[in-house]
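Quick notes on the structure that follows.
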Amino acid sequence: MSGSTPTIADFLETVRKSGLVDDARLEEATAAWPDRSAPLPDELVQSLIDAELLTKWQTDQLRKGRH
């Protein structure tokens with residue numbers, strides 16, 4: 001991921017590379033955050049956990065750029 005503060009786009013690219021979540025489901029789950037250049041909000045990450053698309057451990061790894 002780029003820079004010190006990852007953007008939504010950075011995080012979603014890492015999620016896509018991981019293959020953990022289907023693209024269509026990922027887009028649906030993140031539709032509330034249309035500005036993909038914005039810094040990654042904790043609420044977006046939590047929404048993926050709440051939707052049971054990812055686990056807390058997975059999101060921690062993905063936030064570190066690991067896929």
Side-chain angles (χ1 to χ4, degrees):
M1 288 196 267
S2 66
S4 60
T5 304
T7 64
I8 293 171
D10 294 331
F11 180 74
L12 295 181
E13 182 174 332
T14 303
V15 173
R16 285 187 183 93
K17 285 180 181 178
S18 76
L20 293 169
V21 182
D22 176 74
D23 279 345
R25 292 189 73 199
L26 186 61
E27 285 302 316
E28 182 180 319
T30 60
W33 294 273
D35 181 3
R36 301 302 166 98
S37 64
L40 178 63
D42 291 335
E43 294 83 7
L44 184 151
V45 176
Q46 188 61 49
S47 74
L48 296 174
I49 295 168
D50 292 346
E52 298 182 350
L53 296 176
L54 295 168
T55 66
K56 171 83 169 93
W57 185 85
Q58 289 169 327
T59 59
D60 289 346
Q61 298 305 306
L62 292 163
R63 284 183 126 175
K64 295 174 186 174
R66 297 180 183 151
H67 55 84

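The structure presented is a predicted model; accordingly, all values stated were derived computationally and were not measured.
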key: Stepwise side-chain contact (heavy atoms from CB on, under 4.5 Å) check, L12 with T7   = CA-CA 9 Å; L12 295 181; T7 64; over 6 Å; no
request  = Under the side-chain hydrogen bond (donor to acceptor under 3.5 Å, both in side chains) rule, collect the residues that match up with T55, sequence neighbours excluded.
outcome  = Q58
key: Atom of R66, atom of T14 and distance for their closest heavy-atom approach   = O-CG2, 3.8 Å
ask   = Going by atom types only, do S47 and D50 share a side-chain donor-acceptor pair under 3.5 Å?
value = no
task = Over all heavy atoms of both residues, which pair between A29 and L48 is shortest? Give the atoms and the distance, please.
result = CB-CD2, 3.7 Å
request  = Check whether more than 12 heavy atoms from other residues, nucleotides or ligands sit under 6.0 Å from atom CD of E28, and answer yes or no.
outcome  = no
query = From T59 OG1 over to L44 CG, what is the distance, rounded to the nearest 0.5 angstrom?
reply = 10.5 Å
message = I'd like to know if the side chain of D60 and the backbone of W57 have a donor-acceptor N/O pair within less than 3.5 Å.
response = no
inquiry  = Using the side-chain hydrogen bond (donor to acceptor under 3.5 Å, both in side chains) criterion, which residues pair with D22? Sequence neighbours excluded.
reply    = none
message = As an exercise, state the distance from CZ of R16 to NE2 of H67, rounded to the nearest 0.5 Å.
response = 13.5 Å
Let me have the donor-acceptor pairs involving side chains of residues 32-42, under 3.5 Å, with sequence neighbours excluded, atom names and distances please.
residue, atom, partner, partner atom, Å
D35, OD1, S37, N, 3.1
D35, OD1, S37, OG, 2.6
R36, NE, W33, O, 2.8
R36, NH2, T30, O, 3.3
R36, NH2, T30, OG1, 3.2
D42, OD1, R63, NH1, 3.3
D42, OD1, R63, NH2, 2.7

query = How long is the span from the CG atom in L20 to the CG atom in L53, to the nearest 0.5 Å?
reply = 10.0 Å
